[in-house]
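Below is one structure, written out as structure tokens; comments come after it.
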Amino acid sequence: TTNAIISGAMVLEAVKVLEGRLSDCKAIVKNREPSGRKRYIIIPSTLDEPNPACTVCSGGTVTLKLNVEKTTFNFFLTRILKQELGLNE
């Protein structure tokens, strides 16, 4: 299936990361409705440059202490992750 093909391609890209070959890595994109003469379904493309404003891309870290007896998951998700840290995706 297409999912298995994409998964296999992602594993191959992960191997490149583990080997330290980041410049060889590609993003794997699947077209819903292939067009054109060759009708490509899966398209490898170069990776976007890291966004320095992104918490994940910039390698930023946050140390957080919570009272797990009083803090609800909903509060953690909506107030801390989304509102305070801006992690909305």
**Complete:** Exactly one of Leu12, Val15, Thr46, Leu47 clears side-chain contact (heavy atoms from CB on, under 4.5 Å) with Cys25, and that residue is Leu47
**Message:** Please determine whether residues Phe76 and Val62 belong to a single hydrophobic cluster, defined as Ile, Leu, Val, Met, Phe, Trp and Tyr linked transitively by side-chain heavy-atom distances below 4.5 Å.
**Reply:** yes
**Message:** So for atom CZ, which belongs to Arg79, do other residues, nucleotides or ligands contribute more than 12 heavy atoms lying within a distance under 6.0 Å?
**Reply:** no
**Item:** CD1-CE distance between Ile5 and Met10, expressed to the nearest 0.5 angstrom
**Value:** 14.0 Å
**Asked** What residues join Val17 in its hydrophobic cluster, counting side-chain heavy atom gaps under 4.5 Å, either direct or through other members?
**Response** Leu22
**Asked** Would you call Glu19 and Lys16 a salt bridge, using N to O less than 4.0 angstrom?
**Response** no
**Message:** If you count heavy atoms of other groups shown closer than 6.0 angstrom to CD of Glu49, is the number above 12?
**Reply:** no
**Asked** Would Leu77 end up clustered with Leu66 when hydrophobic side chains under 4.5 Å apart are linked, directly or stepwise?
**Response** yes
**Message:** So, using side chain to side chain donor-acceptor pair (under 3.5 Å) as the criterion, who are the partners of Lys82 when residues are at least two apart?
**Reply:** none
**Asked** Can you list the steps and then say if Lys26 with Glu13 is a salt bridge (charged side-chain N to carboxylate O under 4.0 Å, His left out)?
**Response** CA-CA 7 Å; Lys26 303 282 184 203; Glu13 296 305 312; over 6 Å; no
**Prompt:** Taking side chain as C-beta onward, heavy atoms only, is Phe75 less than 4.5 Å from Leu81?
**Reply:** no
**Item:** Pairs meeting criterion side chain to side chain donor-acceptor pair (under 3.5 Å) with involvement of residues 62-73, two or more places apart
**Value:** none
**Request:** Using the rule that two of Ile, Leu, Val, Met, Phe, Trp, Tyr join whenever any of their side-chain heavy atoms come within less than 4.5 Å, decide whether Val11 and Leu18 are in one cluster.
**Result:** no
